[in-house]
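Below is one structure, written out as structure tokens; the observations come after it.
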Amino acid sequence: MPARDQFLHFMKSGKLDDYMVVRQALIDSPAYEPYSDDLNQIIELVEGKQYQKALDLFRKRLGNLLLSPAGHLMASESMKGLGQDEDAKMEQFIGVRCIEGILATGEGTEKEPWLVLRPVDEYDVLGYFGKTMEKQELVKGGRGTCDIMHCNDGSSHWFDITDAMMRLDEQMEPPKKKWWQFWKK
């Protein structure tokens, strides 16, 4: 099934299995950049009421932001600003469905952390529950890498960021050609 159809299937079903298929397709895509600055740029455009530019950037980077709750929320805000209220409601629905997909992956505990594609998704989940992060802790273990988000209400929530860290490691590989050997002393 093509990626677009997989995504639409998840939007309709809301089932974990369907979310995981789309999630894996995104991880396997060269467009997946979990530490990109896309969202910050989009948020700045929305805050500056440059709604069309924000929407254009979101659409351009959709391959990276497909399951980003914040990306869809910012697209919704842009559409509201442009007077596209029905489209804005749909984008908001997609953003909530993305949160539901994340929540279906675990319990947010050490034993069953939530799987996120981008560390910024952690803030989306906390915001969905009305929580604010007070302290963040990175834990590497046998199962992978997790962020523990300690909140101002005393709760702690675990997020598995293994896939994001693996992509970061891939992007940070040294160049195959040793260009630095050409420096003369």
Side-chain angles (χ1 to χ4, degrees), residues 1-11 16 18-48 50-79 91-92 94-106 108 113-128 133 136-140 143-149 157-177 179:
M1 181 182 309
R4 180 180 181 275
D5 294 341
Q6 292 171 334
F7 178 74
L8 292 174
H9 188 70
F10 165 62
M11 286 297 115
L16 173 61
D18 297 327
Y19 174 77
M20 294 303 287
V21 168
V22 177
R23 184 180 190 282
Q24 190 59 52
L26 183 56
I27 290 168
D28 293 340
S29 165
Y32 176 51
E33 297 179 49
Y35 292 94
S36 70
D37 195 39
D38 301 336
L39 283 174
N40 287 332
Q41 292 174 33
I42 293 168
I43 290 167
E44 285 178 22
L45 290 168
V46 170
E47 288 174 343
Q50 297 180 53
Y51 302 121
Q52 189 60 57
K53 284 184 179 181
L55 196 53
D56 290 346
L57 181 55
F58 172 73
R59 289 177 175 152
K60 180 180 177 183
R61 298 297 295 155
L62 189 57
N64 185 35
L65 300 174
L66 185 62
L67 290 176
S68 167
H72 291 284
L73 180 62
M74 290 298 100
S76 175
E77 290 298 311
S78 296
M79 290 171 174
E91 281 299 331
Q92 188 169 14
I94 293 170
V96 170
R97 181 68 88 205
C98 291
I99 291 268
E100 293 169 349
I102 293 168
L103 295 177
T105 65
W114 288 310
L115 295 173
V116 291
L117 286 163
R118 305 164 60 89
V120 72
D121 296 346
E122 299 165 356
Y123 296 93
D124 294 333
V125 171
L126 295 180
Y128 182 77
M133 187 271 298
Q136 184 175 355
E137 184 179 350
L138 183 68
V139 177
K140 294 183 181 187
R143 290 183 39 190
T145 304
C146 287
D147 272 339
I148 309 170
M149 304 295 268
H157 306 279
W158 289 67
F159 296 89
D160 186 324
I161 60 167
T162 303
D163 294 312
M165 295 297 289
M166 287 174 57
R167 180 54 62 101
L168 182 62
D169 287 345
E170 289 171 13
Q171 292 172 342
M172 295 184 72
E173 280 186 20
K176 294 185 182 359
K177 296 199 182 241
W179 54 266

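Of the inter-residue distances, the one linking H9 atom NE2 with Y19 atom OH reads 15.5 Å to the nearest 0.5 angstrom. Y128 contributes atom OH, which lies 14.5 Å from atom CG of D121 (distance to the nearest 0.5 angstrom). Atom CD1 of I94 and atom OG of S76 lie 9.5 Å apart (nearest 0.5 Å). The distance from the CG atom of L55 to the CD atom of E91 is 7.5 Å, given to the nearest 0.5 Å. Note that CG of L117 and OH of Y32 are 5.0 Å apart. Values are rounded to the nearest 0.5 Å. Note that CG of L26 is 6.0 Å distant from CG of L67, once rounded to the nearest 0.5 Å.
Side chains of C98 and D124 form no contact here, defined as non-hydrogen atoms less than 4.5 Å apart. E137 is not listed as a side-chain neighbour of W158, based on a closest heavy-atom distance of 4.5 Å or more. In this structure, the side chains of F10 and V21 stay at 4.5 Å or more apart for every pair of heavy atoms. R167 has its side chain out of reach of D163: every pair of non-hydrogen atoms, C-beta onward, lies at least 4.5 Å apart. The shortest distance between side-chain heavy atoms of V116 and D147 does not fall below 4.5 Å. No side-chain heavy atom of H72 sits less than 4.5 Å from a side-chain heavy atom of V96. When side chains are defined from C-beta on, I27 does not count as touching M166, because their heavy atoms never get closer than 4.5 Å.
In terms of heavy-atom proximity, P119 sits nearest to P34 at CD-O, 3.8 Å. For the pair C146 and D160, the tightest heavy-atom approach, listed with the atom from each and the gap, is SG-CA, 3.9 Å. Closest approach of E100 to R97, counting heavy atoms only: OE1-NH1, 2.9 Å. The nearest pair of heavy atoms linking N64 to S36 is ND2-OG, 3.0 Å.
Under the salt bridge (Lys or Arg N to Asp or Glu O under 4.0 Å) criterion, E122 pairs with no residue, sequence neighbours left out. Considering only residues two or more places apart in sequence or on other chains, D18 meets the salt bridge (Lys or Arg N to Asp or Glu O under 4.0 Å) condition with none of them. For R61, the side chain to side chain donor-acceptor pair (under 3.5 Å) criterion is met by E33, D38, not counting sequence neighbours.
The closest donor-acceptor contact from the side chain of S78 to the backbone of A54 lies at 3.5 Å or more, if one exists at all.
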Hey, mind stepping through M74 and S68 against side-chain contact (heavy atoms from CB on, under 4.5 Å) and telling me if it holds?
CA-CA 10 Å; M74 290 298 100; S68 167; over 6 Å; no
Derivation and outcome, side-chain contact (heavy atoms from CB on, under 4.5 Å), residues R118 and L39
CA-CA 11 Å; R118 305 164 60 89; L39 283 174; 4.0 Å; yes
Apply side-chain contact (heavy atoms from CB on, under 4.5 Å) to Q41 and F58, showing your working.
CA-CA 9 Å; Q41 292 174 33; F58 172 73; over 6 Å; no
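Between H157 and W114, the two ring planes are parallel [angle under 30°; tilted spans 30° to 60°].
Side chains of E44 and N40: a donor-acceptor N/O pair is absent below 3.5 angstrom, by distance only.
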